[in-house]
Structure formats: C-alpha cells, structure tokens
Protein chains: 2
Amino acid sequence: MDMTTKLTAAAERLFDRHGYMATGMDRLTEAAGMSSRTLYKNAGSKAALMARVLTERDRRFMARLEVRTVDALFAALEDWVRVEGCRGCLFLRSRAETGGDTPEIAEAVAAHKEAFHRRVGEVVATDLGREDPALAEQVLVLFEGATHAAVYRGAQTVSAAKAAAAILLERARS
Amino acid sequence: MDMTTKLTAAAERLFDRHGYMATGMDRLTEAAGMSSRTLYKNAGSKAALMARVLTERDRRFMARLEVRTVDALFAALEDWVRVEGCRGCLFLRSRAETGGDTPEIAEAVAAHKEAFHRRVGEVVATDLGREDPALAEQVLVLFEGATHAAVYRGAQTVSAAKAAAAILLERARS
DNA sequence: ACCAATGTAAAACGATCGTTTTACATTGCA
DNA sequence: TGCAATGTAAAACGATCGTTTTACATTGGT
C-alpha cells in the first residue's frame, strides 16, 4: 500500500470518527505512519487532504449505487452502513463544520451531492419506466433521512425507508 | 435582554453558521458584546455553552411540534426552515463534530432526539387513531431526510416529505 | 457614604493548531 | 560509485486555542 492510499484511508477514518476540525495533524501523521514532511509533500494541506478524502469516498459510495431499482438503492445503503457504520453523511458534515468557507471542501461536497441527486433520478426513472422528478425527490429524502436517523435510531431506519419507498413507487406505478 | 439570553442567542447563531469547533471564544465575546470574564462567569465553558444552546433550541423546536396531525408536523418544519434556514440538524452536527466525546453535548443531543422520537410517535398515533411504530419510524426518517436534504436541495424537500408522509398515512388508514 | 455585586479591558496562561525547516538516513537507478 | 529521490525525526514557526487573572469602573441597595 503506497503512501497516498495509506494517508487517505487514515484521514478518512479519523475525520469520520472524530470530525475534521477536531482531528489534528499530529494525530494524522501518527495514524498514517509517516512524518509530517511526507504528509504535506503528499497532501498539500489539511483542507486538500479532506477534499481528497471526499472525492475518494464519493467514488466508493457512488460505485455501490450502480443499481437498476429503488429497492436495490436502499439495499446498497444497508450494505454501506453495515460496513461503514452510522455516523451521518461525511459530505454534509464536512461542509457544515467549515461553514462552507473552505472552497476545496465545499466544491467536493457540491459535486458529490449533484452526482447523488442525478443517480437517484436515474434509478427512479429506470425502475418506473419514466421520469418522475417528484418521486425522485421523495426517494432522495428517504435516503438522506435513513442515513441521518440511523445515527440515533440504528440501521432499522434504512429498512423503514426502503419499505416507504416501495409504497411510493407502487403508488406511482398504478 | 439580559446577558444570558444575549450570549445564548449569539452562540447559537455562530455555532450554527460556522460550526462549533470553528467558532473561537473571541468571536463569541465580540458577538455577544461582553468580556470573556463575564462570558465564563455566565457559561462556565465552551462545551457547557453549546449544551445550553442545544437545550434552548430543543425547547424552541419542540414547542413548534405541538401538533395533532402528521401534515401539521411537516408544516411546522416548513415554518422552521423558513425562519432558521437550511443548515441541517444542529444536534447531530454538534455530536458529530465532537465525535460524541463531550459528555455535556452528547447528553443534550440524546435527550433531544429521544424527545423528538417520542413526539413523532405521539403525532402519528393521534393522527391515525392508533399506535403504529413502523409508520412513525418512516415519518421520522422523512422528517430527518427533509431537514438534511434541504441543505443542498432547498426547502422543497419539506413539501416532498410532507406529500410522501400523506401517502403513507393514507395507506395505513385503509 | 459605602459595600458588594457586576461589569469591562487587556494581559497572560500553557497548550495546541497547521505548516515549514533543518539535518540526516535509506534506497534505486545511471 | 554516486547522484537524485524519497523517506524519517524533531525542532521551530507564528498564530490561535480555551481559560484565568489582574486591575479598574460602574452601579444599586441599605
């Protein structure tokens, strides 16, 4: 595992578990097992590192959402929370922590959320056989809600969202 | 307006807009218009101040949710985001920023989310005429989802959630 | 008239922040 | 054999962190 991969993985773990602002660079160097000199040579700055973490996470997350049905969309979320745990959306959290004042971070978040929104629209269209932006918005809300409610209600929120989405989809079909 | 009220209001504004960790005490003293000596005499510590902000916000938020129908629940959220804007849930954000490692904050968040969960269950039971924990969970997910999706999709997520909840409720009734 | 309370302004506390630098070790290729 | 690249360890950078302290002003009640 090269230094870039190791650093990005360590950073994602710490930022996700303890927050971006609360994670100091010394904690990061220790977790990544490298000197601060190497870290900065590799990442440039803390904000750039966070942006890279988000871009990498977007890649991994969106890869799981390459599905054809709304049901599979929520099944993918179930897998995700089983693997990654329930700590809410790292993208929204990063943006909120920095008040949207760190351009590199704000841009990575905006790019992800736009891609996510598009993907939900595509899956709904594929599953339903036609575009339905209003339904897609509802599915997006359920997805986002399951993600955040899971923080204090546990993974059951994802099955609740999945069931709700199935009802909405069935109704849209008839 | 006494010092306690002024400080709490200023703190809520800054913590909400820029994040808890990113808000320094000097910024806080300036916004509250008081010396740091008075601030600490009044609040004790930064974490205690955040806990007070959350407790006060819980009071204000829950007061708006004293309704009898699910529709009114989402109407209340519509009012809330119109007044307070769309920056996600301050409770979950605070907890995430501190990794749950600040007891005063973690407790305030847990208390609020438990009260919120109970309230949603009550409103669903009142509206439906009977308890329905599964439906209540779905409504909670929609509420939380509208709150967080609104950060990047705008207030329309609340009407989307409201419409979805109406469909789920109608189906549960027949 | 005076004491106690309550406030301000500002310096200082040690700690930690993100980042850069200095000095040195290892390694792979020409 | 030697140079360039890539790494480490550790000190240092100035800035800022949350918090306490010192010294002083104002004010309301008995």
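What you see is a predicted model; the values in this text were computed from it and never measured. Within every chain, numbering begins at 1; the chains are lettered A, B, ... in the order of the sequence lines, protein sequences first and strands thereafter.
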On DNA chain C, nearest-nucleotide positions of S45(A) versus M3(B): which is more 5'? M3(B)
Just call it for [X]: base, sugar-phosphate, or nothing, with non-hydrogen atoms closer than 4.0 Å on any strand.
X      : answer
G44(A) : nothing
T23(B) : sugar-phosphate
S36(B) : base

When rounded to the nearest 0.5 angstrom, what is the spacing between OH in Y152(B) and CZ in F91(A)?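 Spacing of OH (Y152(B)) from CZ (F91(A)) equals 11.0 Å.
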Symbol by symbol from the 5' end, with Watson-Crick or G-U pairs under 3.5 Å, [ ] crossing and | another strand, DNA chain C is .||||||||||||||||.|||||||||||.
Could you tell me whether the side chain of K46(B) and the main chain of T23(B) form a donor-acceptor pair under 3.5 Å? yes
State, yes or no, whether a side-chain contact exists between [X] and [Y] at a heavy-atom distance under 4.5 Å.
X       : Y       : result
T98(A)  : M50(A)  : no
H112(B) : L54(B)  : no
R52(A)  : E56(A)  : no
L168(A) : R171(A) : no

Evaluate salt bridge (Lys or Arg N to Asp or Glu O under 4.0 Å) for E78(B) paired with K162(B), printing each intermediate quantity in order. CA-CA 9 Å; E78(B) 271 169 348; K162(B) 188 204 268 189; 3.4 Å; yes
When you list every nucleotide of DNA chain C with an atom under 4.0 Å from a heavy atom of chain A, which one comes first 5' to 3', and which comes last? dC17(C) to dA23(C)
Would you find more than 12 non-hydrogen atoms of other residues, nucleotides or ligands less than 6.0 Å from E114(B) atom CD? no
